[in-house]
S.K.: 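Below: one structure in structure tokens.
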Amino acid sequence: MPKSRIRKKADYTPPAARQPAAIKLTNRAWVAPVMLAMFIIGLAWIVVFYVTDGSLPIDKLDNWNIVVGFGFIAAGFGVSTQWK
């Protein structure tokens, strides 16, 4: 049986070490206070609506005051996505 030819393989050279990418964190100190303020305003809006039997905060909105309160809370969650 004929002997197979041996191929010469190139020497292994490991890939160049990657430098970790610098993460640029911007100063977002405003996010936490704004987020908490939105949560508190939304909660206060709903509580005031229920405590005053619907006459406050805005009488003409009637039950839409609940939607406004939850809107503030949802905006707080929206702002929280900017927190790093």
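Scope of the values below: all heavy atoms of this structure, side chains included, with no hydrogens, waters or symmetry mates.
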S.K.: Which side-chain hydrogen bond (donor to acceptor under 3.5 Å, both in side chains) pairs, counting each pair once, include a residue from residues 47-59, with sequence neighbours left out?
M.R.: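 Every pair satisfying side-chain hydrogen bond (donor to acceptor under 3.5 Å, both in side chains) with a residue in residues 47-59: there are none.
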
S.K.: Report, one line per pair, each donor and acceptor closer than 3.5 Å where one atom sits in a side chain of residues 63-75; sequence neighbours left out.
M.R.:
unit_1: N65; atom_1: OD1; unit_2: W45; atom_2: NE1; d: 3.2
unit_1: N65; atom_1: ND2; unit_2: I58; atom_2: O; d: 2.8
unit_1: N65; atom_1: ND2; unit_2: D62; atom_2: O; d: 3.0

S.K.: Filter on side-chain hydrogen bond (donor to acceptor under 3.5 Å, both in side chains), then keep only pairs touching residues 31-43, sequence neighbours left out; what's left?
M.R.: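 Matches after skipping sequence neighbours: none remain.
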
S.K.: If you look only at distance, which donor and acceptor atoms sit under 3.5 Å apart when one is on a side chain in residues 28-37 and the other is two or more places apart or in another chain?
M.R.:
unit_1: R28; atom_1: NE; unit_2: T26; atom_2: OG1; d: 3.1
unit_1: R28; atom_1: NH1; unit_2: Q82; atom_2: O; d: 3.1
unit_1: R28; atom_1: NH1; unit_2: Q82; atom_2: OE1; d: 2.9

S.K.: With sequence neighbours excluded, what pairs up with F77 under the ring pair (Phe, Tyr, Trp, His ring centres under 6.0 Å) test?
M.R.: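 In terms of ring pair (Phe, Tyr, Trp, His ring centres under 6.0 Å), with neighbours along the sequence ignored, F77 is linked to F39.
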
S.K.: Should M38 and V48 be regarded as members of a common hydrophobic cluster, given that ILVMFWY residues are connected when their side-chain heavy atoms come within less than 4.5 Å of each other, either directly or indirectly?
M.R.: no

S.K.: With a cutoff of under 4.5 Å between side-chain heavy atoms, which Ile, Leu, Val, Met, Phe, Trp and Tyr residues group with V47?
M.R.: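 Listed partners: L43, V51.
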
